[in-house]
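To keep things clear, I will list the structure first and then write my remarks on it.
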Amino acid sequence: MTPTPPTLLVLDADPPPRLGRLTGRARIVHTDAGRLAERLPGADVLLVWDFTSHAVREAWPGDGPRPRWVHTASAGVDHLMCPELAASDTVVTNARGIFDQPIAEYVAALVLAAAKDLPRTLEYQRERTWRHRETRRVAGTRACVVGSGPIGRAIARTLKALGVTTALVGRVSRTGVHGPDDLDRLISRADWVIAAAPLTDRTYRMFDTHRFGVMQPSAFFVNVGRGGLVDEEALARALTRRWIAGAALDVFAAEPLPDDSPLWELPGLVVSPHMSGDTVGWRDELGVQFVELYERWAAGRSLPNVVDKTRGYVPGH
C-alpha cells in the first residue's frame, strides 16, 4: 500500500506559491484566514505564505492536534507567535537568507539619497527650479546598525563598502558585535542609525523619545526591521522639532499605513510600503526555499532556519 503523503496546509496570499515539485509528495490544501482554525488539526505542515496575517496567532490556541512544522515566508515571526505555539513541540522556521542583500541595498540607497539630497533634487526638477547645493560625503561617516542577524550583517557589509564606519549592535556582546549597553553611546555618534532587529518584548519600541533625543541633530534614522521597534509618536516629535535630520520607515505599527496617518506628511520622513526586501523574483525564491526545506523535512533531515520560539528569531548570530 502506498503511504499517504503528509498534508501541507498553505495560508494563501496572492499570488500563491509554486509547489509543483511537491506533486505526489504532499497533499496540498489551501486556506484563507477564515478557515485556518478548522483546518489546522488535519495538517502536518503549515506554510504561512501570507506573512502579513495574524491568523496563525489567533487560530492556534485550542485543544487537538497541530502541525509538526510551521514555516513562514518572512524573516520575522512576531505575526504568528503566541504562547501556545511557543510552548508546543512544533518546529518553526523562517525565510532567513532571502532578504539579506536586497534590504542592505535598499538601506544603502536611502543613505545615498539622504546624503546627496536626491528628494529635493527631484522636487526642484518638478518645479523647474535651478538651485545649486552642497551635499554630504558618505565615505568617512558613521553608522550604527541595530540587529546582528543576517540582515544586519549584510547592511553593515554594504555600508562599509561605501566607506562608512559601521558598528553592529546585537542582543549580547561578542567579537565584532556590541551589546545593548553600548547602544546609546553608539547612536549618539552615528550619522546613520539603522534598525534591523527582530520584534521581541525586549526590542518593542526601543526607539523612543530617549533614543531619538540621544541622536545628533544631523543623524538620519532608518527602520527596515519591524514597525513595533519604533515609538512612531516619538519619531514624529523628533522630526517636527528637528532633533534629527530625517528618517525613512519601510515598516509600521499598522500596515498598510492608514491614509489619515500623520506620518505621510512629516517633514524629512521617507515612507515606503514594506518593500525593502522585495526584488524581482522574490516570491519564486521563497517558494524554492520552502520546497527545499520540505524535501529535507520529508527525508527526516534536520532543518536550517529553526526559530528559537522564546526569543523570536533564529539564534546563533
Side-chain angles (χ1 to χ4, degrees), residues 99-147 151-167 186-187 189-196 207 211-212 215-227 229-230 232 234-252 255-257 259 261-282:
F99 302 106
D100 308 354
Q101 191 57 34
I103 292 178
E105 293 172 3
Y106 198 87
V107 170
L110 289 169
V111 167
L112 288 167
K116 303 308 177 184
D117 202 23
L118 289 183
R120 267 202 298 180
T121 295
L122 295 174
E123 182 180 339
Y124 287 146
Q125 180 181 349
R126 286 192 296 269
E127 297 172 354
R128 297 175 181 258
T129 299
W130 183 278
R131 184 164 298 172
H132 181 270
R133 293 104 62 214
E134 295 177 345
T135 62
R136 299 177 68 184
R137 185 191 296 262
V138 171
T141 59
R142 293 179 176 181
C144 177
V145 180
V146 183
I151 293 173
R153 295 200 304 272
I155 293 170
R157 287 194 303 269
T158 303
L159 293 180
K160 286 177 182 177
L162 296 175
V164 179
T165 300
T166 306
L186 291 170
I187 65 176
R189 302 165 57 193
D191 300 287
W192 318 101
V193 178
I194 319 297
F207 290 97
R211 291 265 156 74
F212 291 120
M215 296 178 197
Q216 54 187 345
S218 59
F220 190 86
F221 173 75
V222 178
N223 185 14
V224 289
R226 282 290 181 265
L229 298 177
V230 177
E232 293 175 351
L235 175 60
R237 286 193 298 272
L239 288 169
T240 302
R241 298 174 184 176
R242 299 188 178 182
W243 294 354
I244 60 176
L249 300 180
D250 187 55
V251 287
F252 301 86
E255 296 184 6
L257 186 65
D259 58 9
S261 170
L263 294 177
W264 289 107
E265 298 180 352
L266 272 182
L269 178 63
V270 176
V271 171
S272 58
H274 204 147
M275 58 180 281
S276 61
D278 301 348
T279 52
V280 175
W282 66 284

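Between the side chain of Asp250 and the backbone N or O of Ser276, at least one donor-acceptor pair lies under 3.5 Å. Between the side chain of Lys116 and the backbone N or O of Arg136, at least one donor-acceptor pair lies under 3.5 Å. When atom types are taken as modelled, the side chain of Thr166 and the backbone of Val164 share a donor-acceptor pair closer than 3.5 angstrom. Between the side chain of Thr129 and the backbone N or O of Arg131 there is no donor-acceptor pair closer than 3.5 Å. With Arg120 contributing its side chain and Arg133 its backbone, the two residues share no donor-acceptor pair below 3.5 Å. Checking side-chain atoms of Thr141 against main-chain N and O of Val138 turns up a donor-acceptor pair under 3.5 Å.
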With side chain to side chain contact (heavy atoms under 4.5 Å, CB included) as the criterion, how do Leu112 and Leu162 come out once you've worked through the C-alpha distance, each side chain's angles and the decisive distance to 0.1 Å? CA-CA 9 Å; Leu112 288 167; Leu162 296 175; 4.3 Å; yes
Go through the steps to decide whether Asp278 and Phe99 satisfy the test side chain to side chain contact (heavy atoms under 4.5 Å, CB included), and finish with yes or no. CA-CA 7 Å; Asp278 301 348; Phe99 302 106; 3.9 Å; yes
Between Leu239 and Ile244, does a side chain to side chain contact (heavy atoms under 4.5 Å, CB included) hold up when you go through it step by step?
-> CA-CA 6 Å; Leu239 288 169; Ile244 60 176; 3.9 Å; yes
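Rounding to the nearest 0.5 Å places CD1 of Ile155 at 9.5 Å from CD of Gln101. Note that the CZ atom of Arg142 and the OG1 atom of Thr165 stand 7.0 Å from one another [nearest 0.5 Å]. Rounded to the nearest 0.5 Å, atoms CZ (Arg126) and OG1 (Thr121) are 10.5 Å apart. Between Arg137 atom CZ and Asp191 atom CG the span is 13.5 Å, to the nearest 0.5 Å. Within the model, atoms CD1 of Ile194 and CD1 of Ile187 stand 12.0 Å from one another, a figure rounded to the nearest 0.5 Å.
Shown here for Gly152 and Val145, the closest heavy-atom pair between the two residues is O-CG1, 3.7 Å. Across all non-hydrogen atoms, the minimal contact from Leu229 to Ala195 is CD1-CB, 4.1 Å. Closest of all the heavy-atom pairs between Ala104 and Thr158 is CB-OG1, 3.4 Å. The shortest non-hydrogen separation linking Thr135 to Ala115 is CB-O, 3.3 Å. Closest approach of Leu159 and Ala143 over heavy atoms only: CD1-CB, 3.8 Å. The shortest heavy-atom contact between Ala190 and Gln216 is O-NE2, 2.9 Å.
The shortest side-chain heavy-atom distance between Leu269 and Trp264 does not fall under the 4.5 Å cut-off. Counting heavy atoms from C-beta outward, Tyr106 and Ser272 have side chains that approach closer than 4.5 Å. Inter-residue side-chain proximity for Leu249 and Leu235 is flagged as met; some heavy-atom pair is nearer than 4.5 Å. Looking only at side-chain heavy atoms (C-beta outward), Phe207 and Asn223 stay at 4.5 Å or farther from each other. Side-chain contact check for Val111 versus Phe220: every heavy-atom pair is 4.5 Å or farther apart.
Around the CD atom of Glu127, the shell of radius 6.0 Å holds more than 12 heavy atoms that belong to other residues, nucleotides or ligands.
Ring geometry, Phe212 versus Phe221: the interplanar angle exceeds 60°, so the pair is classed perpendicular (tilted spans 30 to 60°).
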